[in-house]
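A quick write-up on the structure given underneath.
So you know, we letter chains A, B, ... as the sequences are listed, proteins then strands, and number each from 1.
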Amino acid sequence: MSEIPKAYEPRSVESKWYQFWLEHKCFIADPARVSEKRPAYSIVIPPPNVTGVLTLGHVLNNTVQDILARKARMDGKEVLWLPGTDHAGIATQTVVERTLKKAGEIKHRNDLGREKLLEKIWEWKEKHDGIIIQQLKRLGASCDWTRERFTMDPEYSRCVQKVFVDLYKKGLIYRGKRMVNWCPASLTALSDEEVVMKQQNGLLYYFRVEVAEDAGTFLTIATTRPETIPGDTAVAVNPRDPRYAQFIGKHVIRPLPAELPREQKLIPIIGDEHVDFEFGTGVLKVTPAHDKADFEIYQRLCEKIFKKNENDLLPDIRGPIEVIKADGTMSEAAGADLSGLDRFKARKVAGEKLAELGLLEREERYTNNVGFSERADVPVEPRLSEQWFLQYPSKSESRAVAAEGQMKFFPERWAKVYDHWMANLQDWCISRQLWWGHRIPVWTKIYRNELEMPEAIREAILHDAECSVSGLAGRSSYVRSERTVAETWTVWAATYFDEEAAALGRLGFTQDPDVLDTWFSAWLWPFATMGWTGNPETDSKNPELTAFYPTTDLVTGPDIIFFWVARMIMAGYEYTGQMPFRNVYFTGIIRDKQGRKMSKSLGNSPDPLDLIDTYGADALRFGVMRSAPLGQDVLFDEQHVELGRNFCNKLWNACRFRQMQGGETEGEIDPALLTSDDKWILLKLDLAIREISNSLLEYKFNEAAQALYRFFWSEFCDWYLEASKAVFFGNDLARKANTSSVLDFVLSNTLRLFHPFLPFITEELWRGLGYNEDLPTDQGGETIMFARWPQPFGDDFKGHYGLDESIVRFVDAKYELVSQGRNLRREGNISSSKKVTFVLKPAQELSADEAQVLKILLHAERLDIDSEFRPRKGTPAVRSPLGELYLPLEGLIDIAAEKGRLNKELSKIDAEIEKVKQKLGNPAFAQKVPPAVLEEHQHRLSEWEAKRKRVHDSLGALGES
RNA sequence: GCGCGCUUAGCUCAGUGGUAGAGCAUUACCUUCACACGGUAGGGGUCGCAGGUUCGAAACCUGCAGCGCGCACCA
C-alpha cells in the first residue's frame with residue numbers, strides 16, 4: 001500500500017489480484033499433491049447455460065462454493081473446483097430460433113434444416129461462450145479454469161452415448177408410444193419435472209348426451225375441455241354408482257363433430273372405478289388421445305370395448321382420436337367447426353356449438369390446476385407420442401444413501417423431499433424433439449424379411465445381443481428388433497462407435513432424429529468432467545478420479561433437486577459405484593424485496609455486474625452472504641450490497657490506521673506490556689475464531705459473516721482501535737511498538753478469517769501491510785489464499801499472555817462506564833465537539849494508563865481522578881462498579897428531564913428486580929434448577945440491586961439541589 | 001387432499017429451555033488527526049392466536065389462523 005486512498009477502490013485491486021492468482025496457478029488442482037497430510041477437497045460447479053449471463057442466483061451459489069474452496073485451501077487441502085457450462089437444449093435452441101426469426105432470416109427452423117440450424121447455434125455458442133465464465137471471474141471464483149468442461153465437448157458427448165447404450169443394453173431404456181407432456185410452443189416432449197402446475201380460472205361446461213338405446217334419456221357430463229369432445233371414445237361411470245350402473249354397455253351419441261352421421265357418433269358407456277361419484281355429475285368423458293387418466297382407462301378397457309364392438313353396434317372408433325395437433329391447433333378429426341382453430345379458441349367455439357345444439361345445460365366458473373411448460377410458459381398438452389424412456393438405475397442405493405445419512409443434505413429437510421421423490425419414481429422421458437443436444441445414438445431400419453438382413457444383424461436379432469456391423473474388432477452395436485405385421489422387421493441398433501454408425505449408415509439405417517434431455521448429460525457431470533471412460537481399468541488409473549471423486553460438496557438450488565441432484569446420485573452409483581458427493585448444500589432462492597422471484601419480465605433482477613462495478617465484488621459477496629441464512633430464500637435488496645461496501649471500507653480504513661502508526665511489522669508481543677484492552681481484544685479474537693470456524697463447519701455462512709461483522713466493527717473498531725489511541729497518542733515507544741504488534745496480530749488473523757468472503761481486499765491488505773513477508777511461499781508468503789486458517793488459542797498461549805476472563809469483566813465495566821459518561825453529554829445537551837472535563841471518583845485503584853484510555857474514549861479534554869471529590873449538589877453523574885463519574889458543568893443540565901430519565905430507569909430496574917425476585921422466591925425454583933443457574937440468578941439480582949442503588953444515589957444528588 | 005416451511009422492532013431477518021438481538025430505516029448531536037461508505041447517544045417488540053408441559057417457553061407439545069413452497073390423474 002504505497003498510496004493510501006481514504007476510501008477503498010475495488011476496481012483496480014480486483015483485476016490486479018485475480019490476474020496474479022491466475023499467473024501463479026493458485027487455482028490449479030494437482031492430484032499428485034494429494035496425500036494423507038494433504039487431503040483432497042473437490043466441488044463441481046453446477047454448470048450454467050453456456051450462452052447465459054450471470055444472475056444473482058449464480059452469485060449466491062458461486063460465492064458459497066468459493067468460500068468453501070478458499071477455506072479448504074487455507075485448511076491445507078488440495079482443492080479442485082471444477083468449472084464448466086451446459087448446452088441447455090431447449091433454452092438455447094429457442095433463443096437462437098427466435099433471434100433468426102426476428103432478423104427475418106427464417107420463418108421456421110425447417111427453412112434452414114438441421115445441419116444449418118446447428119451451425120447457427122454453434123456460432124451463437126462461440127459468440128456467447130465465456131461471457132458467464134468471465135463474469136464468474138469478476139466475482140472472484142477460484143475455479144480451476146484449466147479443467148473447464150462443456151457438456152457437448154467430444155469426450156463428454158462420448159460419455160453420454162456410452163451411458164445411453166449401456167442403459168439400452170440393460171433394458172432400462174425403451175421406446176414406446178405413451179402419453180407425454182407436450183409443449184405446443186417448443187414442439188417437444190417434456191419430462192414431468194419440466195411441468196409446473198398453475199391455478200387457472202376457467203369454466204366447467206355441463207352438456208347432455210342422449211343414450212342411444214333409450215331415446216329421450218340423457219346423461220349430463222361436466223368438462224373443462226369441450227373442444228376435446230370430438231376425441232371422446234367412451235363415456236365412463238363408476239360401476240358402483242346406482243344412478244348410472246344400468247347404462248354400462250349401452251351407448252351415447254357424441255354431439256361433436258356435429259356433421260357426422262348418427263352411427264359414427266355412437267360411443268360406449270363403460271364402467272371404471274376411477275370415476276368419482278362426487279365430482280361434476282359422476283359421468284366422465286374419455287378422451288384417450290389428450291388426457292393421461294383417460295388414456296389409462298382406455299388401456300384398461302379398450303380390449304373389452306372393441307371386442308364387443310366387432311359385431312355389435314356400429315362405431316368406427318378403434319382407438320384414440322387425435323383432435324389437437326402438435327402445434328396446439330385442432331385437427332380435421334375435430335370436425336368442420338373446430339378444425340384449424342387454436343385449442344383455446346376451439347374451446348369457446350365448442351361451447352357455443354353445444355349451446356346451439358341445445359345440449360349445453362350450464363357453464364360454471366371453475367378453478368383448476370393446469371400444467372404449464374416451465375420454459376415456454378404455455379399449458380402443456382398431454383399427447384400420445386413415440387418417445388424414449390428411462391427406468392432409473394441404482395434406485396435403492398441412491399435412496400438409502402440419503403435416508404441413512406451417509407450423504408448429508410443442508411438443510412436436512414430436503415432429504416425428506418428427496419426420499420419422497422425417490423419412493424415414487426416415474427420413468428423419465430428422455431427424448432426431445434430438438435436439434436441442439438446429444439442426438440440419440442440409435443439407428444433404425446425396416447426389413448421386409450429376415451433374408452434382407454446382413455448376417456451379423458440377423459444373428460444378433462436371434463440372440464437379442466451385441467454384434468459388430470462394421471466387422472471391426474472391438475467395435476460393436478447393440479441390436480433390438482420388433483416384428484410387426486406382414487413379416488416386417490424393425491431393427492434398432494445402438495452404438496457409440498463412429499465406425500459402427502458409419503457402417504449402419506451404409507446399410508441404409510437412419511439415426512433417430514431426437515436429442516436427449518439436457519439433464520441426461522448433466523447427470524453425469526461429477527465424473528464425466530473428470531475423464532471417466534466407463535472402462536474400470538482405465539478409470540482406476542485416472543488420477544483426477546482417484547483423487548477427487550467422490551466430490552466433497554455440491555452447492556445448488558433446491559429447484560433442481562429432482563432434475564439434477566437425484567439423477568446425479570443414481571448415475572454416480574450406476575457408473576462409479578459410489579455417491580458422487582458427500583454433502584449437498586441447498587441455497588435459498590433469490591427474490592426481490594417484495595418476495596417475488598427474480599425474472600426478466602418483471603425487470604426486478606439487477607445485473608450483478610453493475611453491482612460489482614458500483615460496489616465491488618467483495619461487497620456483493622459479503623452483502624449476499626450476510627443476508628442468506630441456510631434454508632431460507634433471500635430477499636435481495638441493494639442495501640445489502642451497500643452494507644458490504646461500507647464494511648470493506650471500514651476494513652480498509654482500520655488497516656490504514658495501522659499503517660499510519662508505522663513501525664515494525666508483526667513485532668514480538670511482550671506480555672508484560674499488554675494493556676487490559678490488548679488482552680480483551682485477544683480474547684474476543686479467540687472467540688471469533690471459534691465462532692466463525694464452527695459456523696463454516698455447519699455451512700452457516702450468514703452466521704459466520706455476521707460474527708465477522710460484529711467482531712470487526714463492534715469490538716475491534718469501536719473499542720479496541722479507539723482505546724489503542726491512548727497509547728499511540730502518547731510518547732512511550734516501547735508501548736507503542738507493543739500495541740502495533742497486537743494490532744498486527746489481530747489484523748493478520750482477521751484478514752485470514754475474512755479471506756473466503758472477501759478475497760480481493762484481504763489480499764490487497766495482506767500484502768500491503770506486509771503480513772506475507774515472513775511466511776513460507778506456500779503458507780501465505782505469496783498469497784493470503786494459502787495462509788493458515790486461524791486456530792483458537794491454546795491454554796499455553798493464553799497463559800503466556802495472561803488472558804483470562806477477569807480481564808473481560810474489567811474491560812466491559814470500563815466500556816460501560818464510558819458509554820454512560822458519553823450519555824451524560826447527551827443528557828446535558830452538550831455538543832459532541834464541546835471540550836469537557838470529567839471527574840472520576842474511583843472505587844478501586846486505577847492506573848494512569850487506564851485513566852488515559854478512559855479520557856480518550858470519553859472524548860474528554862481532561863479527566864481528573866479524585867477519590868476525595870465532593871461534587872456540588874446537582875452535578876450530573878453516573879455510578880459504575882469502577883467508580884462515580886461526574887460531569888461538573890453548571891447550569892447545563894435540565895434537572896427535571898434528568899430526574900425523569902433516572903426515574904424511568906429506576907422503574908425499569910425495579911421491574912427486572914421484581915422478575916428475578918419472583919423466580920428466586922419460588923420454592924420449586926431453588927429445588928429444581930441447576931446450581932449454576934441459581935447462582936447466576938442470585939448474581940443477577942445483586943447486580944440489579946447495586947445498579948438500583950447507583951441510580952437512586954444519582955437521583956438523590958439531584959433532588960437535594 | 002397429503003407433506004414441508006414461515007409468522008420476533010417500521011422493513012429484512014438471527015435467536016431451539018434461563019436478563020428479547022442484528023442490519024437497514026428513524027431521532028438528536030458531531031465534519032474530533034483510520035473511516036460521513038463515518039462517530040456518539042437514544043427511541044422502538046404483550047416474539048401470529050389459544051391451550052398444555054416446565055421452577056422457568058420466543059424456543060418444546062397440541063389445536064387454530066394467515067402466508068409461501070413442494071407432491072398428487074378429480075374430468
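In this structure, A:Phe712 atom CZ and B:C37 atom C1' are separated by 13 Å, rounded to whole Å. With rounding to whole Å, A:Tyr8 atom OH is found 15 Å from B:C35 atom C1'.
A:His420 comes within 4.0 angstrom of the backbone, heavy atoms only, and of no base. Using a 4.0 Å heavy-atom distance criterion, A:Tyr366 is classed as a sugar-phosphate-only contact. Looking at heavy-atom distances under 4.0 Å, A:Trp944 makes contact with a base. Within 4.0 Å of A:Arg822, counting heavy atoms only, lie sugar-phosphate atoms of the nucleic acid but no base atom.
The pair A:Arg940-A:Glu936 counts as a salt bridge, with a side-chain nitrogen and a carboxylate oxygen less than 4.0 angstrom apart.
Regarding contacts with the backbone of B:U40, every side-chain N or O of A:Asn823 stays at 4.0 angstrom or more from both OP1 and OP2. Contact between the side-chain N/O atoms of A:Lys6 and the OP1/OP2 oxygens of B:A36 is found at a separation under 4.0 Å. Taking only side-chain nitrogens and oxygens, A:Arg413 never comes nearer than 4.0 Å to OP1 or OP2 of B:G5. For B:A20, the OP1/OP2 oxygens have a side-chain nitrogen or oxygen of A:Lys915 closer than 4.0 Å.
One N or O donor and one acceptor, one from the side chain of A:Lys650 and one from the base of B:C35, sit under 3.5 Å apart. For A:Gln820 against B:A41, no side-chain N or O and base N or O form a donor-acceptor pair under 3.5 Å. A donor-acceptor contact under 3.5 Å is not formed by the side chain of A:His274 with the base of B:C74.
The 12-atom threshold is exceeded at CD of A:Glu945, counting heavy atoms of other residues, nucleotides or ligands nearer than 6.0 Å. Shown here is A:Asn731, whose CG atom has no more than 12 heavy atoms of other residues, nucleotides or ligands within 6.0 Å.
The listed nucleotides are B:G18, B:C35, B:A34; the one nearest the side chain of A:Asn649 is B:C35. Distance from the side chain of A:Leu643 is smallest to B:C24 among B:C37, B:G18, B:C24. Residue A:Asp718 places its side chain closer to B:G39 than to any other of B:G39, B:G70, B:U19.
A distance-only check finds a donor-acceptor pair linking the side chain of A:Asn653 to the backbone of A:Asn649 [under 3.5 Å]. In this structure a side-chain-to-backbone donor-acceptor pair under 3.5 Å is present from A:His290 to A:Ile324.
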